[in-house]
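For clarity, every value in this text was computed on a predicted model and none was experimentally measured. Each chain gets a letter, A, B and so on, in the order the sequences are listed, and its residues count up from 1.
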Amino acid sequence: MYTLLLDTSGPYTTVLLVQNLQLVTSSVVEDRPAEHLHEQIQTSLDRAGLLPSHLHQIAVVIGPGSWTGLNIGVTTAKTLAQVLQIPVCPIRTLDALTESSRLPAWGIMSAGRDRCYYARHTHSKTPEMDVASIDDILQLMEADPETHCIYEYGDTFSERFCDHPHYHTTDRLLPESLILASKNGAILKGNSIHSLVPAYLQPSYVERDASR
Amino acid sequence: MLILGIDTSCDDTGVAVVKQGDIIISNIIASQFSAHERFGGVVPVIAAREHTAKINYILDSALEKAEVSFSDLDAVAVSHHQGLMLSLVVGVSAAKSIALACQIPLIGIHHLEGHIYSNLMGRTDEIHFPFLCLTVAGGHTLLLKVVSHGTYELLGHTRDDAAGEVLDKVARHLHLGFPGGAAIQKLAEKGNPTAYHFPRPLINRRDGEFSFSGLKTAVISAIDRDPNLNVADLCASLQQAIIDLLVSKTMLIAETHDLKQITLAGGVALNQPLRKALQQEVQQRGYQLFTPQTDLCMDNGAMIAGAAFYLYQTRGADPLSIETLANAPLGTTGIRYRPGSKYGKGS
(Lines give C-alpha, C1' and ligand atoms only; values in the text may rest on other atoms or scores of the structure.)
Protein backbone atom coordinates (compact mmCIF):
# COMPACT_ATOMS: atom_id res chain seq x y z
CA MET A 1 0.00 0.00 0.00
CA TYR A 2 1.52 3.30 -1.14
CA THR A 3 0.91 6.54 0.73
CA LEU A 4 1.92 9.96 -0.57
CA LEU A 5 2.72 12.25 2.33
CA LEU A 6 2.81 16.04 1.91
CA ASP A 7 4.03 18.67 4.36
CA THR A 8 3.92 22.34 3.33
CA SER A 9 3.46 23.72 6.85
CA GLY A 10 6.89 25.25 7.29
CA PRO A 11 9.89 26.63 5.43
CA TYR A 12 10.49 23.26 3.74
CA THR A 13 8.24 21.39 1.33
CA THR A 14 8.40 17.69 2.13
CA VAL A 15 7.10 14.92 -0.14
CA LEU A 16 7.41 11.34 1.09
CA LEU A 17 6.43 8.17 -0.68
CA VAL A 18 5.73 5.44 1.86
CA GLN A 19 4.96 1.76 1.36
CA ASN A 20 3.46 -0.02 4.35
CA LEU A 21 4.96 2.55 6.75
CA GLN A 22 8.42 2.18 5.16
CA LEU A 23 9.96 5.20 3.47
CA VAL A 24 10.45 4.65 -0.28
CA THR A 25 11.49 8.14 -1.44
CA SER A 26 11.97 11.45 0.28
CA SER A 27 12.11 14.91 -1.30
CA VAL A 28 12.70 18.04 0.76
CA VAL A 29 12.98 21.46 -0.90
CA GLU A 30 13.30 24.79 0.83
CA ASP A 31 10.59 27.41 0.28
CA ARG A 32 8.19 28.11 -2.63
CA PRO A 33 5.77 25.14 -2.42
CA ALA A 34 3.60 26.71 -5.14
CA GLU A 35 6.33 26.02 -7.67
CA HIS A 36 8.00 22.90 -6.21
CA LEU A 37 5.33 20.66 -4.71
CA HIS A 38 3.90 19.00 -7.82
CA GLU A 39 7.26 18.57 -9.46
CA GLN A 40 8.49 16.91 -6.25
CA ILE A 41 5.50 14.55 -6.33
CA GLN A 42 6.12 13.65 -9.99
CA THR A 43 9.84 13.10 -9.35
CA SER A 44 9.11 10.93 -6.31
CA LEU A 45 6.72 8.77 -8.31
CA ASP A 46 9.23 8.50 -11.17
CA ARG A 47 12.03 7.49 -8.82
CA ALA A 48 9.84 4.75 -7.34
CA GLY A 49 8.69 3.64 -10.80
CA LEU A 50 5.07 4.39 -9.93
CA LEU A 51 2.15 6.09 -11.63
CA PRO A 52 -0.28 8.35 -9.73
CA SER A 53 -2.87 5.59 -10.09
CA HIS A 54 -0.69 3.31 -7.94
CA LEU A 55 -1.26 5.50 -4.88
CA HIS A 56 -3.64 4.16 -2.23
CA GLN A 57 -3.79 7.10 0.16
CA ILE A 58 -2.63 10.68 0.64
CA ALA A 59 -1.62 12.13 3.98
CA VAL A 60 -1.27 15.87 4.39
CA VAL A 61 -0.26 18.23 7.19
CA ILE A 62 -3.21 20.55 7.76
CA GLY A 63 -1.59 22.94 10.23
CA PRO A 64 -0.96 25.09 12.07
CA GLY A 65 1.78 26.51 9.91
CA SER A 66 2.42 28.62 6.84
CA TRP A 67 -0.93 30.07 5.76
CA THR A 68 -0.32 29.93 2.02
CA GLY A 69 1.70 26.72 2.27
CA LEU A 70 -1.20 24.94 3.95
CA ASN A 71 -3.66 26.20 1.33
CA ILE A 72 -1.42 24.74 -1.36
CA GLY A 73 -0.79 21.45 0.45
CA VAL A 74 -4.40 20.82 1.44
CA THR A 75 -5.79 21.81 -2.00
CA THR A 76 -3.25 19.54 -3.68
CA ALA A 77 -4.03 16.57 -1.41
CA LYS A 78 -7.80 17.02 -1.79
CA THR A 79 -7.65 17.35 -5.57
CA LEU A 80 -5.29 14.41 -6.06
CA ALA A 81 -7.57 12.30 -3.87
CA GLN A 82 -10.64 13.54 -5.74
CA VAL A 83 -9.22 12.57 -9.13
CA LEU A 84 -7.65 9.28 -8.00
CA GLN A 85 -10.63 8.42 -5.75
CA ILE A 86 -8.49 7.53 -2.78
CA PRO A 87 -8.73 8.51 0.92
CA VAL A 88 -6.95 11.38 2.67
CA CYS A 89 -5.40 11.35 6.12
CA PRO A 90 -5.14 14.83 7.69
CA ILE A 91 -2.19 15.27 10.05
CA ARG A 92 -2.02 18.00 12.68
CA THR A 93 1.36 19.70 12.90
CA LEU A 94 1.72 19.31 16.66
CA ASP A 95 0.81 15.60 16.49
CA ALA A 96 3.60 14.98 14.00
CA LEU A 97 5.97 17.15 16.04
CA THR A 98 5.83 14.91 19.13
CA GLU A 99 4.87 11.62 17.48
CA SER A 100 8.23 9.90 17.83
CA SER A 101 9.20 11.43 21.19
CA ARG A 102 9.10 10.03 24.70
CA LEU A 103 5.71 10.81 26.22
CA PRO A 104 4.23 12.80 27.84
CA ALA A 105 5.58 15.64 25.72
CA TRP A 106 4.57 19.16 24.84
CA GLY A 107 4.49 20.39 21.26
CA ILE A 108 4.51 24.14 20.76
CA MET A 109 4.80 26.61 17.87
CA SER A 110 4.44 30.33 17.51
CA ALA A 111 0.97 31.70 16.77
CA GLY A 112 2.31 35.26 16.45
CA ARG A 113 2.01 38.20 18.84
CA ASP A 114 3.84 36.32 21.64
CA ARG A 115 1.23 33.61 21.55
CA CYS A 116 1.73 29.95 21.04
CA TYR A 117 -0.13 26.89 19.75
CA TYR A 118 0.38 24.04 22.20
CA ALA A 119 -0.68 20.46 22.83
CA ARG A 120 0.28 17.98 25.57
CA HIS A 121 0.70 14.49 24.21
CA THR A 122 0.28 11.46 26.43
CA HIS A 123 -0.16 7.74 25.78
CA SER A 124 -3.76 7.76 26.90
CA LYS A 125 -5.66 10.17 24.67
CA THR A 126 -5.59 12.32 21.56
CA PRO A 127 -4.29 15.75 22.59
CA GLU A 128 -6.36 18.88 22.16
CA MET A 129 -4.56 21.83 20.63
CA ASP A 130 -5.09 25.32 22.00
CA VAL A 131 -3.57 28.79 21.87
CA ALA A 132 -2.23 30.79 24.81
CA SER A 133 0.45 33.29 25.70
CA ILE A 134 3.90 31.80 26.22
CA ASP A 135 3.78 32.86 29.89
CA ASP A 136 0.57 30.90 30.46
CA ILE A 137 2.08 27.85 28.76
CA LEU A 138 5.19 28.05 30.93
CA GLN A 139 2.97 28.00 34.01
CA LEU A 140 1.10 24.95 32.70
CA MET A 141 4.39 23.16 32.08
CA GLU A 142 5.69 23.96 35.56
CA ALA A 143 2.56 22.37 37.01
CA ASP A 144 3.19 19.24 34.94
CA PRO A 145 6.05 17.29 36.59
CA GLU A 146 5.59 14.32 34.27
CA THR A 147 6.72 16.29 31.20
CA HIS A 148 9.62 14.59 29.48
CA CYS A 149 10.18 16.72 26.41
CA ILE A 150 9.21 20.04 24.88
CA TYR A 151 9.35 20.28 21.09
CA GLU A 152 9.06 23.59 19.31
CA TYR A 153 8.38 23.89 15.58
CA GLY A 154 10.59 26.88 14.79
CA ASP A 155 12.69 28.66 17.42
CA THR A 156 10.65 31.69 18.39
CA PHE A 157 10.72 30.81 22.10
CA SER A 158 14.17 29.22 22.34
CA GLU A 159 15.44 31.89 24.74
CA ARG A 160 12.58 31.18 27.16
CA PHE A 161 13.50 27.48 27.30
CA CYS A 162 17.30 27.72 27.20
CA ASP A 163 17.58 26.22 30.70
CA HIS A 164 15.23 23.32 30.06
CA PRO A 165 17.20 20.08 29.63
CA HIS A 166 14.69 18.43 27.28
CA TYR A 167 13.75 21.34 25.02
CA HIS A 168 14.25 20.73 21.31
CA THR A 169 13.62 22.83 18.23
CA THR A 170 13.13 21.77 14.65
CA ASP A 171 12.54 23.69 11.43
CA ARG A 172 10.82 20.78 9.70
CA LEU A 173 8.75 17.76 10.59
CA LEU A 174 10.84 14.60 10.35
CA PRO A 175 9.87 11.77 7.98
CA GLU A 176 9.56 9.14 10.73
CA SER A 177 7.25 11.42 12.74
CA LEU A 178 5.09 12.17 9.71
CA ILE A 179 4.81 8.48 8.85
CA LEU A 180 3.79 7.60 12.42
CA ALA A 181 1.27 10.45 12.48
CA SER A 182 -0.25 9.26 9.21
CA LYS A 183 -0.64 5.78 10.72
CA ASN A 184 -2.53 7.14 13.71
CA GLY A 185 -4.58 9.82 11.95
CA ALA A 186 -8.24 9.78 10.92
CA ILE A 187 -9.15 8.79 7.36
CA LEU A 188 -11.47 10.80 5.12
CA LYS A 189 -13.15 9.11 2.17
CA GLY A 190 -15.41 10.08 -0.74
CA ASN A 191 -17.09 13.47 -0.70
CA SER A 192 -16.06 14.10 2.92
CA ILE A 193 -12.59 14.83 1.51
CA HIS A 194 -13.99 18.00 -0.12
CA SER A 195 -14.74 19.44 3.31
CA LEU A 196 -11.12 19.15 4.46
CA VAL A 197 -9.65 22.59 5.13
CA PRO A 198 -6.45 23.82 6.76
CA ALA A 199 -6.54 23.94 10.57
CA TYR A 200 -7.08 27.71 10.55
CA LEU A 201 -10.45 27.21 8.85
CA GLN A 202 -11.75 24.44 11.06
CA PRO A 203 -14.78 25.54 13.10
CA SER A 204 -13.20 25.19 16.54
CA TYR A 205 -10.36 27.56 15.63
CA VAL A 206 -12.55 30.00 13.75
CA GLU A 207 -14.80 30.26 16.81
CA ARG A 208 -11.84 30.74 19.13
CA ASP A 209 -10.42 33.42 16.85
CA ALA A 210 -13.77 35.20 16.79
CA SER A 211 -14.08 35.13 20.56
CA ARG A 212 -10.73 36.87 21.09
CA MET B 1 -10.27 18.61 -27.35
CA LEU B 2 -11.96 18.78 -23.95
CA ILE B 3 -10.35 21.34 -21.62
CA LEU B 4 -11.13 22.00 -17.96
CA GLY B 5 -10.64 25.71 -17.21
CA ILE B 6 -10.05 27.07 -13.70
CA ASP B 7 -10.02 30.71 -12.60
CA THR B 8 -9.43 31.76 -8.98
CA SER B 9 -7.68 35.04 -9.74
CA CYS B 10 -9.87 37.18 -7.49
CA ASP B 11 -13.09 36.48 -5.59
CA ASP B 12 -14.97 34.11 -7.92
CA THR B 13 -14.23 30.40 -8.06
CA GLY B 14 -14.77 29.53 -11.73
CA VAL B 15 -14.55 26.04 -13.23
CA ALA B 16 -15.72 25.13 -16.73
CA VAL B 17 -15.56 22.34 -19.29
CA VAL B 18 -15.11 23.58 -22.87
CA LYS B 19 -14.93 21.56 -26.09
CA GLN B 20 -12.77 22.71 -29.02
CA GLY B 21 -12.36 26.16 -27.48
CA ASP B 22 -15.90 27.17 -28.44
CA ILE B 23 -18.54 24.90 -26.97
CA ILE B 24 -19.14 25.62 -23.28
CA ILE B 25 -20.46 22.40 -21.79
CA SER B 26 -20.47 23.69 -18.23
CA ASN B 27 -19.44 26.96 -16.62
CA ILE B 28 -19.81 27.08 -12.83
CA ILE B 29 -19.04 30.33 -11.01
CA ALA B 30 -19.18 30.35 -7.21
CA SER B 31 -19.50 33.94 -6.14
CA GLN B 32 -18.08 35.19 -2.84
CA PHE B 33 -20.14 38.40 -2.76
CA SER B 34 -21.71 37.60 0.60
CA ALA B 35 -18.29 36.98 2.22
CA HIS B 36 -16.91 40.35 1.08
CA GLU B 37 -20.05 42.50 1.09
CA ARG B 38 -19.66 43.90 4.61
CA PHE B 39 -16.13 45.08 3.79
CA GLY B 40 -17.23 46.92 0.61
CA GLY B 41 -14.55 45.21 -1.47
CA VAL B 42 -12.57 42.02 -1.93
CA VAL B 43 -10.48 40.97 1.10
CA PRO B 44 -7.63 38.82 -0.30
CA VAL B 45 -7.31 36.55 2.76
CA ILE B 46 -11.03 35.80 2.79
CA ALA B 47 -11.02 35.18 -0.97
CA ALA B 48 -8.24 32.59 -0.66
CA ARG B 49 -10.00 30.88 2.28
CA GLU B 50 -13.20 30.60 0.27
CA HIS B 51 -11.39 29.19 -2.77
CA THR B 52 -9.64 26.57 -0.61
CA ALA B 53 -12.90 25.52 1.05
CA LYS B 54 -14.95 25.37 -2.18
CA ILE B 55 -12.73 24.48 -5.12
CA ASN B 56 -13.32 20.72 -4.96
CA TYR B 57 -17.10 21.10 -4.78
CA ILE B 58 -16.99 23.39 -7.83
CA LEU B 59 -14.82 20.91 -9.73
CA ASP B 60 -17.40 18.20 -9.02
CA SER B 61 -20.28 20.45 -10.10
CA ALA B 62 -18.60 21.44 -13.38
CA LEU B 63 -17.85 17.82 -14.31
CA GLU B 64 -21.29 16.64 -13.23
CA LYS B 65 -23.05 19.31 -15.29
CA ALA B 66 -20.86 18.49 -18.30
CA GLU B 67 -21.54 14.79 -17.73
CA VAL B 68 -17.86 13.95 -18.00
CA SER B 69 -15.24 12.57 -15.62
CA PHE B 70 -11.63 13.54 -15.03
CA SER B 71 -10.50 10.71 -17.32
CA ASP B 72 -12.38 12.33 -20.25
CA LEU B 73 -10.31 15.54 -20.06
CA ASP B 74 -7.59 16.23 -22.63
CA ALA B 75 -5.99 19.16 -20.79
CA VAL B 76 -6.41 21.44 -17.79
CA ALA B 77 -6.01 25.22 -18.05
CA VAL B 78 -5.66 27.69 -15.21
CA SER B 79 -5.18 31.45 -14.63
CA HIS B 80 -1.71 31.53 -13.14
CA HIS B 81 -0.83 35.12 -14.01
CA GLN B 82 -2.40 38.37 -12.86
CA GLY B 83 -4.64 38.59 -9.84
CA LEU B 84 -4.51 38.11 -6.09
CA MET B 85 -1.54 35.89 -5.31
CA LEU B 86 -3.22 34.11 -2.39
CA SER B 87 -6.20 33.26 -4.58
CA LEU B 88 -4.27 32.30 -7.70
CA VAL B 89 -2.23 29.62 -5.90
CA VAL B 90 -5.36 27.72 -4.90
CA GLY B 91 -6.57 27.29 -8.49
CA VAL B 92 -3.04 26.59 -9.70
CA SER B 93 -2.55 23.90 -7.03
CA ALA B 94 -5.81 22.22 -8.06
CA ALA B 95 -4.96 22.42 -11.78
CA LYS B 96 -1.47 21.01 -11.28
CA SER B 97 -2.93 18.16 -9.21
CA ILE B 98 -5.40 17.30 -11.97
CA ALA B 99 -2.67 17.47 -14.63
CA LEU B 100 -0.45 15.24 -12.52
CA ALA B 101 -3.11 12.71 -11.52
CA CYS B 102 -4.60 12.44 -15.03
CA GLN B 103 -1.22 12.79 -16.77
CA ILE B 104 -2.64 15.44 -19.11
CA PRO B 105 -1.13 18.76 -20.29
CA LEU B 106 -1.20 21.78 -17.99
CA ILE B 107 -1.81 25.12 -19.74
CA GLY B 108 -1.14 28.33 -17.82
CA ILE B 109 -3.14 31.34 -19.00
CA HIS B 110 -2.75 35.04 -18.19
CA HIS B 111 -6.04 36.16 -16.65
CA LEU B 112 -6.32 39.07 -19.11
CA GLU B 113 -5.93 36.65 -22.04
CA GLY B 114 -9.02 34.90 -20.74
CA HIS B 115 -10.98 38.15 -20.98
CA ILE B 116 -9.62 38.84 -24.49
CA TYR B 117 -10.62 35.35 -25.65
CA SER B 118 -14.09 35.59 -24.10
CA ASN B 119 -15.11 37.38 -27.30
CA LEU B 120 -13.40 34.97 -29.68
CA MET B 121 -15.15 31.89 -28.31
CA GLY B 122 -17.55 30.67 -31.00
CA ARG B 123 -16.76 33.68 -33.22
CA THR B 124 -13.43 32.86 -34.84
CA ASP B 125 -15.16 33.01 -38.23
CA GLU B 126 -16.44 36.54 -37.57
CA ILE B 127 -13.57 38.22 -35.72
CA HIS B 128 -10.35 38.54 -37.67
CA PHE B 129 -6.85 39.57 -36.59
CA PRO B 130 -5.91 42.26 -35.94
CA PHE B 131 -8.74 43.67 -33.85
CA LEU B 132 -9.08 46.13 -30.98
CA CYS B 133 -9.99 44.91 -27.50
CA LEU B 134 -11.19 47.24 -24.75
CA THR B 135 -10.92 45.22 -21.55
CA VAL B 136 -12.25 47.02 -18.53
CA ALA B 137 -12.83 45.67 -15.03
CA GLY B 138 -12.15 46.35 -11.35
CA GLY B 139 -8.43 45.68 -11.77
CA HIS B 140 -7.60 46.91 -15.27
CA THR B 141 -8.55 49.23 -18.13
CA LEU B 142 -6.67 48.44 -21.33
CA LEU B 143 -6.88 49.04 -25.06
CA LEU B 144 -5.07 46.23 -26.85
CA LYS B 145 -4.45 45.48 -30.49
CA VAL B 146 -4.80 41.71 -30.74
CA VAL B 147 -2.34 40.94 -33.54
CA SER B 148 -2.54 37.15 -33.51
CA HIS B 149 -3.00 34.34 -30.98
CA GLY B 150 -0.97 35.35 -27.93
CA THR B 151 0.46 38.54 -29.46
CA TYR B 152 -0.84 41.90 -28.31
CA GLU B 153 0.15 45.55 -28.63
CA LEU B 154 -0.66 47.97 -25.85
CA LEU B 155 -2.46 50.96 -27.38
CA GLY B 156 -3.99 52.48 -24.28
CA HIS B 157 -4.21 52.02 -20.55
CA THR B 158 -5.08 53.74 -17.30
CA ARG B 159 -2.28 55.55 -15.57
CA ASP B 160 -3.92 55.09 -12.15
CA ASP B 161 -7.25 53.50 -11.13
CA ALA B 162 -9.27 51.08 -13.26
CA ALA B 163 -12.77 52.14 -14.35
CA GLY B 164 -14.39 49.31 -12.37
CA GLU B 165 -12.48 50.35 -9.26
CA VAL B 166 -14.06 53.82 -9.41
CA LEU B 167 -17.52 52.25 -9.54
CA ASP B 168 -16.70 49.92 -6.60
CA LYS B 169 -15.17 52.67 -4.46
CA VAL B 170 -18.01 55.13 -5.07
CA ALA B 171 -20.58 52.40 -4.36
CA ARG B 172 -18.77 51.64 -1.11
CA HIS B 173 -18.80 55.33 -0.17
CA LEU B 174 -22.55 55.38 -0.82
CA HIS B 175 -23.08 52.06 1.04
CA LEU B 176 -24.61 50.53 -2.09
CA GLY B 177 -23.06 47.11 -1.52
CA PHE B 178 -20.52 45.13 -3.46
CA PRO B 179 -19.87 44.82 -6.39
CA GLY B 180 -20.64 48.44 -7.14
CA GLY B 181 -21.07 48.43 -10.92
CA ALA B 182 -24.48 46.76 -10.99
CA ALA B 183 -25.84 48.92 -8.13
CA ILE B 184 -24.69 52.13 -9.80
CA GLN B 185 -26.14 51.10 -13.18
CA LYS B 186 -29.50 50.37 -11.55
CA LEU B 187 -29.66 53.72 -9.73
CA ALA B 188 -28.40 55.55 -12.83
CA GLU B 189 -31.47 54.41 -14.77
CA LYS B 190 -33.57 56.83 -12.67
CA GLY B 191 -31.05 59.68 -12.66
CA ASN B 192 -30.09 62.64 -14.81
CA PRO B 193 -26.63 62.10 -16.38
CA THR B 194 -26.06 65.85 -16.73
CA ALA B 195 -27.01 66.80 -13.16
CA TYR B 196 -23.41 66.73 -11.90
CA HIS B 197 -20.52 67.97 -14.02
CA PHE B 198 -17.75 65.51 -13.26
CA PRO B 199 -14.35 65.82 -14.95
CA ARG B 200 -13.34 63.62 -17.91
CA PRO B 201 -9.58 63.49 -17.33
CA LEU B 202 -7.35 63.31 -20.44
CA ILE B 203 -10.38 63.17 -22.74
CA ASN B 204 -8.86 65.72 -25.12
CA ARG B 205 -5.50 64.00 -25.29
CA ARG B 206 -5.00 62.35 -28.67
CA ASP B 207 -3.83 59.01 -27.30
CA GLY B 208 -5.18 55.93 -25.48
CA GLU B 209 -4.23 57.01 -21.99
CA PHE B 210 -6.94 56.98 -19.33
CA SER B 211 -7.02 58.43 -15.84
CA PHE B 212 -9.82 57.73 -13.38
CA SER B 213 -8.45 58.71 -9.97
CA GLY B 214 -9.37 62.40 -10.39
CA LEU B 215 -12.90 61.42 -11.34
CA LYS B 216 -13.14 59.16 -8.30
CA THR B 217 -11.96 61.96 -5.99
CA ALA B 218 -14.40 64.44 -7.58
CA VAL B 219 -17.34 62.08 -7.07
CA ILE B 220 -16.42 61.23 -3.49
CA SER B 221 -15.95 64.96 -2.72
CA ALA B 222 -19.38 65.67 -4.20
CA ILE B 223 -20.93 63.00 -1.98
CA ASP B 224 -19.22 64.41 1.13
CA ARG B 225 -20.08 68.04 0.23
CA ASP B 226 -23.72 67.76 -0.69
CA PRO B 227 -26.17 67.24 2.20
CA ASN B 228 -29.08 66.98 -0.26
CA LEU B 229 -27.39 64.49 -2.50
CA ASN B 230 -29.47 62.99 -5.28
CA VAL B 231 -27.90 59.55 -5.44
CA ALA B 232 -29.60 58.58 -8.71
CA ASP B 233 -28.38 61.76 -10.44
CA LEU B 234 -24.89 61.27 -9.05
CA CYS B 235 -24.74 57.64 -10.26
CA ALA B 236 -26.05 58.61 -13.70
CA SER B 237 -23.49 61.45 -13.97
CA LEU B 238 -20.61 59.21 -12.86
CA GLN B 239 -21.63 56.45 -15.24
CA GLN B 240 -21.87 58.96 -18.10
CA ALA B 241 -18.39 60.32 -17.36
CA ILE B 242 -16.89 56.82 -17.46
CA ILE B 243 -18.77 55.97 -20.66
CA ASP B 244 -17.63 59.21 -22.33
CA LEU B 245 -14.01 58.44 -21.46
CA LEU B 246 -14.10 54.81 -22.56
CA VAL B 247 -16.01 55.42 -25.77
CA SER B 248 -14.06 58.47 -26.95
CA LYS B 249 -10.65 56.87 -26.36
CA THR B 250 -11.72 53.56 -27.91
CA MET B 251 -13.00 55.24 -31.07
CA LEU B 252 -9.92 57.47 -31.31
CA ILE B 253 -7.59 54.46 -31.11
CA ALA B 254 -9.73 52.39 -33.50
CA GLU B 255 -9.57 55.18 -36.10
CA THR B 256 -5.89 55.94 -35.57
CA HIS B 257 -4.89 52.30 -35.99
CA ASP B 258 -7.54 51.46 -38.58
CA LEU B 259 -9.04 48.66 -36.47
CA LYS B 260 -12.61 48.17 -37.62
CA GLN B 261 -13.52 45.30 -35.32
CA ILE B 262 -13.77 46.17 -31.63
CA THR B 263 -14.32 43.76 -28.77
CA LEU B 264 -15.40 44.70 -25.26
CA ALA B 265 -14.41 42.48 -22.32
CA GLY B 266 -14.21 42.39 -18.52
CA GLY B 267 -16.73 42.95 -15.73
CA VAL B 268 -17.61 46.51 -16.80
CA ALA B 269 -18.63 45.07 -20.19
CA LEU B 270 -21.85 44.08 -18.40
CA ASN B 271 -22.83 47.75 -18.25
CA GLN B 272 -25.67 48.12 -20.75
CA PRO B 273 -25.41 51.92 -21.32
CA LEU B 274 -21.70 51.45 -22.15
CA ARG B 275 -22.54 48.73 -24.67
CA LYS B 276 -25.23 50.92 -26.20
CA ALA B 277 -23.00 54.00 -26.45
CA LEU B 278 -20.16 52.02 -28.02
CA GLN B 279 -22.56 50.35 -30.43
CA GLN B 280 -23.86 53.74 -31.63
CA GLU B 281 -20.38 55.11 -32.28
CA VAL B 282 -19.26 51.92 -33.97
CA GLN B 283 -22.30 51.85 -36.25
CA GLN B 284 -21.80 55.46 -37.30
CA ARG B 285 -18.35 54.56 -38.57
CA GLY B 286 -19.37 51.27 -40.19
CA TYR B 287 -17.26 49.32 -37.69
CA GLN B 288 -18.29 46.19 -35.77
CA LEU B 289 -18.63 45.74 -31.99
CA PHE B 290 -18.49 42.34 -30.29
CA THR B 291 -19.45 41.80 -26.67
CA PRO B 292 -19.21 38.54 -24.73
CA GLN B 293 -22.22 36.71 -23.40
CA THR B 294 -23.09 37.76 -19.82
CA ASP B 295 -21.52 34.85 -17.94
CA LEU B 296 -18.24 35.38 -19.83
CA CYS B 297 -17.87 38.99 -18.65
CA MET B 298 -17.31 38.03 -15.02
CA ASP B 299 -14.24 36.05 -14.05
CA ASN B 300 -14.90 32.47 -15.15
CA GLY B 301 -13.22 29.21 -16.09
CA ALA B 302 -14.74 28.99 -19.59
CA MET B 303 -12.73 31.92 -20.98
CA ILE B 304 -9.56 30.35 -19.55
CA ALA B 305 -10.32 27.02 -21.26
CA GLY B 306 -11.25 28.88 -24.48
CA ALA B 307 -7.97 30.81 -24.51
CA ALA B 308 -6.06 27.63 -23.68
CA PHE B 309 -7.45 25.80 -26.71
CA TYR B 310 -5.94 28.37 -29.10
CA LEU B 311 -2.78 29.20 -27.17
CA TYR B 312 -1.87 25.54 -26.56
CA GLN B 313 -1.49 25.16 -30.34
CA THR B 314 1.16 27.89 -30.44
CA ARG B 315 2.79 27.69 -27.00
CA GLY B 316 2.35 24.03 -26.02
CA ALA B 317 1.98 22.77 -22.47
CA ASP B 318 3.57 24.17 -19.32
CA PRO B 319 5.63 22.24 -16.75
CA LEU B 320 4.29 21.36 -13.29
CA SER B 321 6.74 23.93 -11.90
CA ILE B 322 4.91 26.79 -13.67
CA GLU B 323 5.05 29.87 -11.48
CA THR B 324 2.19 31.94 -10.12
CA LEU B 325 2.55 35.71 -10.46
CA ALA B 326 0.31 38.52 -9.24
CA ASN B 327 1.77 40.94 -11.79
CA ALA B 328 2.90 39.25 -14.97
CA PRO B 329 3.82 40.28 -18.52
CA LEU B 330 1.12 39.69 -21.11
CA GLY B 331 1.68 37.87 -24.39
CA THR B 332 4.75 37.55 -26.56
CA THR B 333 5.36 41.30 -26.50
CA GLY B 334 5.64 41.27 -22.71
CA ILE B 335 3.10 43.91 -21.75
CA ARG B 336 3.73 44.28 -18.06
CA TYR B 337 1.49 45.39 -15.23
CA ARG B 338 3.31 47.46 -12.68
CA PRO B 339 1.68 48.88 -9.58
CA GLY B 340 2.30 52.61 -9.41
CA SER B 341 2.90 53.17 -13.10
CA LYS B 342 0.25 50.48 -13.81
CA TYR B 343 0.67 49.40 -17.41
CA GLY B 344 3.72 49.73 -19.57
CA LYS B 345 5.79 47.80 -22.00
CA GLY B 346 8.03 45.09 -20.55
CA SER B 347 11.75 45.41 -20.96
Side-chain angles (χ1 to χ4, degrees), chain A residues 4 6 8 13 15 29 32-46 51-55 58 60 62-63 66-86 88 188 190-203 205-206 209, chain B residues 4 6 8 13 15 30 35 44-64 68-73 76 78 80-81 84-104 106 108 318-326:
Chain A
L4 180 71
L6 312 176
T8 54
T13 302
V15 174
V29 175
R32 299 184 74 81
E35 277 81 43
H36 296 311
L37 179 62
H38 294 79
E39 212 168 44
Q40 283 177 259
I41 296 169
Q42 185 64 64
T43 307
S44 300
L45 290 167
D46 291 345
L51 292 171
S53 57
H54 291 135
L55 295 172
I58 296 170
V60 62
I62 59 164
S66 156
W67 199 89
T68 303
L70 293 171
N71 277 352
I72 293 166
V74 169
T75 302
T76 298
K78 285 199 295 183
T79 312
L80 284 172
Q82 184 180 12
V83 179
L84 299 170
Q85 298 184 316
I86 55 176
V88 170
L188 298 174
N191 284 345
S192 64
I193 293 168
H194 295 2
S195 62
L196 178 65
V197 287
Y200 70 83
L201 266 181
Q202 292 184 357
Y205 298 109
V206 172
D209 274 352
Chain B
L4 183 82
I6 300 174
T8 58
T13 314
V15 180
V45 171
I46 292 174
R49 280 182 183 185
E50 292 285 309
H51 289 309
T52 304
K54 288 179 183 161
I55 183 84
N56 299 89
Y57 293 104
I58 310 303
L59 283 167
D60 259 359
S61 300
L63 292 175
E64 204 174 301
V68 296
S69 64
F70 283 109
S71 59
D72 297 319
L73 301 173
V76 57
V78 63
H80 70 122
H81 281 170
L84 301 174
M85 188 66 178
L86 298 177
S87 293
L88 284 168
V89 294
V90 177
V92 170
S93 298
K96 287 182 178 182
S97 303
I98 294 165
L100 195 157
C102 300
Q103 299 284 290
I104 55 175
L106 172 73
D318 290 299
L320 287 173
S321 58
I322 188 173
E323 61 184 353
T324 309
L325 288 174

A:Leu45 versus chain B, the contacting section by heavy-atom distance below 4.5 Å | side chain
How many angstroms lie between atom NZ of A:Lys78 and atom OH of B:Tyr57, to the nearest 0.5 angstrom?
-> 7.0 Å
Whatever's closer than 4.5 Å to a heavy atom in chain B on A:Ser53 counts as neither
Please examine the side chains of B:Arg49 and A:Trp67, heavy atoms only from C-beta on, and report whether any two atoms are closer than 4.5 Å.
-> yes
Work out which heavy atom in A:Gln42 is nearest to a heavy atom in B:Leu320; give both atom names and the distance.
-> CB-CD1, 3.9 Å
Please name the pair of heavy atoms, one in B:Glu323 and one in A:Glu35, separated by the smallest distance, quoted to 0.1 Å.
-> CA-OE2, 3.4 Å
Enter the distance from B:Ser97:OG to A:Ile58:CD1 here, rounded to the nearest 0.5 Å.
-> 8.0 Å
Side chain to side chain contact (heavy atoms under 4.5 Å, CB included) assessment of B:Asn56 paired with A:Thr79 = CA-CA 7 Å; B:Asn56 299 89; A:Thr79 312; 3.2 Å; yes
Does B:Asp60 have any side chain to side chain contact (heavy atoms under 4.5 Å, CB included) partners at least two apart in sequence or in another chain, and if so, which?
-> A:Gln82, A:Asn191, A:His194
Chain A contact via B:Leu100 - side chain, backbone, both or neither, heavy atoms under 4.5 Å = both
Would you name the heavy atoms of B:Ala101 and A:Leu80 that are closest together and state the gap between them?
-> CB-CD2, 3.9 Å
So which of B:Leu88, B:Val89, B:Ile55 has the largest heavy-atom pair count under 4.5 angstrom toward chain A?
-> B:Val89
Not counting sequence neighbours, which residues clear ring pair (Phe, Tyr, Trp, His ring centres under 6.0 Å) with A:His36? List them please.
-> none
Distance col, row A:His38:NE2 vs B:Ile98:CD1, nearest 0.5 angstrom, shows 9.5 Å
Do B:Ser93 and A:Asn71 have side-chain atoms, one donor and one acceptor, less than 3.5 Å apart?
-> no
What option among A:Leu70, A:Val83, A:Leu51, A:Ile193 has the most heavy-atom pairs under 4.5 Å with chain B?
-> A:Val83
Within the side chain of B:Lys96, is there an N or O that forms a donor-acceptor pair under 3.5 Å with the backbone of A:Thr76?
-> no
